[in-house]
Amino acid sequence: MEKQYNAKESEEKWMEFWEKENIYKFDANSKSEIYSIDTPPPTVSGKMHLGHSFSYSQQDFIARFQRMSGKNVFYPFGTDANGLATERMIEKMKNVKGQFMKRSDFVELCLKTLEEIRADFVYDWKRIGISADFNIFYTTIDRHSQKISQKSFLQLYKMGRIYKKKAPFIWCPECQTAIAQVEMKDSERQSNLVYMKFDTTLNEQITIATTRPELLPSCVAIHINPDDKRYKKFIGAKAIIPFLNREVKITANKDVDMEFGSGIVYHCTFGDMDDVRWMEEYNIEPIEILNKNGTLNEKAGRFKGLYVKEARKAVIKALEEEKRIAKTESIKHVVNVHERCDTDIEILTTEQWFIKYLDLKDDFIKFGRKIKWYPEHMRIRYENWIHGLKWDCNISRQRHFGIPIPLWYCKKCSEIILAEEKQLPVDPLTDKPLSNCKCSSNEFIAEKDVLDTWATSSLTPDIAIELFNDKEQKKLFPMSLRPQAHDIITFWLFNTVVKSYFHHKNIPWKEVMISGWALDPHGKKMSKSKGNVIEPREMISKYSADALRFWAAGSRLGDDLPFQEKDLVTGQKFTTKIWNASKFAFMHLSDYNKDDKENKKEKQKEKPKKIELMDRWILSKISRLAKECTENLMNYEYSHTKLATETFFWHTFCDNYLEIIKDRLYNSEKRGISPKISAQYGLYHSLLTIIKLMAPITPFITEELYQLYYKKHEKIKSIHIADWPSISLIDENAEKVGDFFVHILQQVRKVKSESNMSLKKPIKKITAKGRIPKENFEEIKEDLIATTNAEEIVFEQLDEKSDKEYDAIVEM
RNA sequence: GGGCCCAUGGUCUAGCGGCUAUGACGUUUCCUUCACAGGGAGAAGGUCCCCAGUUCAAUUCUGGGUGGGCCCACCA
């Protein structure tokens, strides 16, 4: 055994070993209970970040625990390669523009490129020890996923849940596609609030403040709060739009904030979703002036052809020329931008596909309550989101790369012709329907839109399960667990419940575990723009994957944890310590079974006839520990397992137990062979239990130690498929006596330390006082003399009146 | 504006109606050739955010406040 543990070498070795030996392979034919995990497929655009290593480690603790507990773990791995994020990455990598290419060519390029980078991307997950079965692999864009996603679309269509509608929706002029609510993010910026003067039919001007003067040609009404005494008189009159000399109504609207700007709102097409709502409420016709690429159209009159930002300047200039600007204020405000490209979003009326689901809010909440949430309070976020839903789910995107919406339109009668399930996956642009239209026409127009990423990612349980045959599928659904972080409860989790509701009339998983986030050292979110991003690869090469996982086990499930590099040192120290302790143990266990011939016939061949009291003590203590850890892990409380095992290992096992048994191990000629075998027995089982309890958290070092010694006795190929410890050797009296031992030992150490003595220095006499039976004291006396290095120890029984449980008088 | 979570020695964290409040990092004194100096034995360091209530008893339960984080909505 090497003097020092080489984490890098060892971790790479075992990572390859696990893969080669198929340690984590799912056995579809096994009769064991299945534990299935619907893992988040990480987005391939970009490297693994620290947040990933945090939450994936946490789910892996559970996967490994369940596997060792005898479950047949179904743990597929997928990547999310669908959607805009990927499209943009490929465009950048290959220096192309999707919109100038034939769709099929572009998609082919994307698929090819993804194939090139996949191994490198997935490597990160393997490297931190994720115990998924990487052979059960999917990407959300492969043919298999396309088929399932399109099938889902067709089924929903036939259920009457899908409709196409022309409606104002959030639009990104840069990507030129509709986007979802969740794809927007806030961007705070400095803008000018321009106070514009409009003429009115009352022959008195009104002043309106806006940050978007360029929308002026699209103004359809002016809104004033009826409670506003300043402007009340204008209600019912008309305002005249500058440059266009168009009259618009001035209406009463209670939604108007009298405090903001001048207290008057000009209602445009469309400044925000309020404008859309008001349009319906007041039955006003929109005047759309924006093209899909963000330029103004002919309805904008003299501003036609300008991009929004240019138009803003031009309108302000024109207003100035007519002396219509009262003042300009510089304000800080928040605008919505597309999270992928940081472009200001607009609201445009386009034709989009929707899933109708607003009527099912109550059912979704009911389903949410059928799932067991860890931690429980995360369910409230889910319900909150559902309560706040205002629109049906938009699922169409006007992009090249994505899963095509599987239908055509009849050229003659405009009838919709759906693809048939047997022809999936289908691309309407290159494929044709299998039969003619009812009107007997065989000419079709392809639907060009593709499905939004979430329309597919919400099917990950189906995608994974449908890789198997019908019989196996039944065993796999609903899945046991959905692990993920809390930020995507509102879309990925929610959308998956929705799809499962429609397709299975059932919840997709029985339990969900929601991880927190890895934050920067000051408790702030990590982001590229703040420059506070920590690279897991760097941390792994500097410390180790085990150290990183050890850190990830340090906070309760659901809690965010600020990352501090020094915490990785703790994990690293742990691996060193357990390496050294094992080195010691294996040295003393090398002759263990050999010396034990007399018992070899029996089943428990290595069990000695008499187990010494202090060995019964450690075995009893560790039995309790194992039980506690098992219960904790059943409830996803891996942090308790880590803390309890770590503390036990370091203090109870290393500082005390190893010191106590040294004499019996080293000096068997003096102490006898039987006490030595007893110590070996205690050592063998307590260390093995510790290694097993830590195996889910630090899989590499524990595998290394298992392979070095235990494998030849335990005969199982890897510790990660060995049995979870169910050791049950509780001995209350041994615990009581052992605790007495430890207290006396501590007392002696304290006295020595306080007088600056070496712990090895002999002492004359110890008077050990306690409440244990005298005969038990005799049993531990020799160990106690050896461990404390005392010449003489006398025992005194403490009586009932004493306020102390233990006491020791040390004479030097 | 709405919701959720969190608040414990300098830093991070465990915990619980009653114990001297857990552990790690850091600080500090000493020890150490026999697994480990990336170690061991000690020490110092806390009004368990504030206020009120429930209780024989509150760091723990309830209400209010303050501060932080996240999600959602709004932002003319």
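In what follows, chains carry the letters A, B, and so on, assigned in the order in which the sequence lines appear, proteins first and then strands, with residues in each chain numbered from 1. For clarity, every value in this text was computed on a predicted model and none was experimentally measured.
Checked against the 6.0 Å centroid criterion, the rings of A:Trp551 and A:Tyr543 do not qualify as a close aromatic pair. Taking the centre of each ring, A:Phe574 and A:Phe649 come in below the 6.0 Å mark. Taking the ring centroids of A:Phe491 and A:Trp385, they lie at or beyond the 6.0 Å cut-off.
B:A57 is unpaired under the Watson-Crick or G-U wobble criterion, no partner having all donor-acceptor distances under 3.5 Å. Remark: B:C48 base-pairs with no nucleotide; criterion is Watson-Crick or G-U wobble with both hydrogen-bond distances under 3.5 Å. Partner assigned to B:G39 is B:C31, using Watson-Crick or G-U wobble distances below 3.5 angstrom. Judged by Watson-Crick or G-U wobble contacts below 3.5 Å, the nucleotide B:C4 has B:G69 as its partner. Pairing of B:C25, defined by two Watson-Crick or G-U wobble distances under 3.5 Å, is identified with B:G10.
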*Show your reasoning for whether side chain to side chain donor-acceptor pair (under 3.5 Å) applies to A:Tyr5 and A:Ser10.*
CA-CA 8 Å; A:Tyr5 174 58; A:Ser10 171; 3.3 Å; yes
_A:Lys8 vs A:Glu11, test: salt bridge (Lys or Arg N to Asp or Glu O under 4.0 Å). Steps then yes/no._
CA-CA 5 Å; A:Lys8 197 174 160 52; A:Glu11 292 190 346; over 6 Å; no
*Please lay out, stage by stage, how A:Tyr282 and A:His223 fare under the test ring-ring contact (aromatic ring centres under 6.0 Å, His included).*
CA-CA 11 Å; A:Tyr282 293 85; A:His223 296 286; 5.3 Å; yes
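Each of B:C34, B:A14, B:C75 was ranked by its minimum atom distance to the side chain of A:Lys760; first place goes to B:C34. Listed nucleotides: B:A14, B:C36, B:C4. Nearest to the side chain of A:Asn580: B:C36. Of all nucleotides listed (B:U11, B:G38, B:C30), B:U11 comes nearest to the side chain of A:Gln564. The nucleotide whose nearest atom lies closest to any side-chain atom of A:Arg381 is, among B:C4, B:C75, B:C72, B:C4. When each of B:C12, B:G40, B:C75 is scored by its nearest atom to the side-chain atoms of A:Leu759, the top-ranked nucleotide is B:G40. Out of B:C75, B:C31, B:G40, the shortest distance to the side chain of A:Asn336 is found at B:C75. Counting only heavy atoms from C-beta on, A:Arg556 has its side chain closest to B:C6 among B:C6, B:C36, B:C75. Distance from the side chain of A:Asp274 is smallest for B:C75 among the nucleotides B:C70, B:G3, B:C75. In this structure, of B:C5, B:A14, B:C75, it is B:C5 that holds the atom nearest to the side chain of A:His377. Here the nucleotide nearest the side chain of A:Thr490, chosen from B:U29, B:C71, B:G40, is B:C71.
Mapping A:Lys390 and A:Asp655 onto RNA chain B by nearest heavy atom places A:Asp655 at the nucleotide closer to the 5' end. When each of A:Val256 and A:Tyr5 is assigned the nucleotide of RNA chain B with its nearest heavy atom, A:Tyr5 is the one assigned upstream, toward the 5' end.
Ring geometry for A:Tyr636 against A:Tyr374 counts as tilted: the plane angle lies between 30° and 60°, on a 0 to 90° scale. In this structure, A:Tyr382 and A:Trp373 have tilted ring planes: the angle between them lies in the 30° to 60° band. Classification of the A:Tyr684-A:Tyr710 ring pair by plane angle, with boundaries at 30° and 60°, yields perpendicular.
Straight-line distance between the C1' atoms of B:U20 and B:G64: roughly 33 Å, to the nearest whole Å. For the P atoms, the distance from B:C34 to B:U13 is 38 Å, rounded to whole Å. With both ends at atom C1', the span from B:U60 to B:C72 equals 31 Å, rounded to whole Å. Between the C1' atoms of B:U29 and B:U8, the separation comes to 27 Å (whole Å).
One atom, CZ of A:Phe584, and another, C1' of B:G40, lie 14 Å apart when rounded to the nearest Å. The CZ-P distance, from A:Phe491 to B:C71, rounds to 10 Å in whole Å. The distance from atom NE2 of A:His333 to atom C1' of B:C74 is 13 Å, rounded to the nearest whole Å. Summarising the geometry, the separation between NZ on A:Lys577 and P on B:G39 is reported as 7 Å, rounded to the nearest angstrom. Rounding to whole angstrom units, CD of residue A:Gln4 and P of B:G39 are separated by 12 Å.
Contact between the side-chain N/O atoms of A:His640 and the OP1/OP2 oxygens of B:G15 is found at a separation under 4.0 Å.
Salt bridge A:Glu637/A:Arg556: absent, no basic N to carboxylate O contact under 4.0 Å.
Counting non-hydrogen atoms under 4.0 angstrom, A:Asp487 reaches nothing in the nucleic acid. Residue A:Val335 is classed as having no contact, given no heavy-atom separation below 4.0 Å to the nucleic acid.
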Produce the list of close N/O pairs, under 3.5 Å, pairing protein atoms with atoms of nucleotides 42-46 of chain B; give distances to one decimal.
none

Pairwise N/O distances under 3.5 Å, protein to nucleotides 20-27 of chain B:
unit_1	atom_1	unit_2	atom_2	d
B:A24	OP1	A:His651	NE2	3.4
B:A24	O2'	A:Thr570	OG1	3.3
B:C25	OP1	A:Lys573	NZ	3.1

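The CD1 atom of A:Ile661 lies 10.0 Å from the OG1 atom of A:Thr787; values are rounded to the nearest 0.5 Å.
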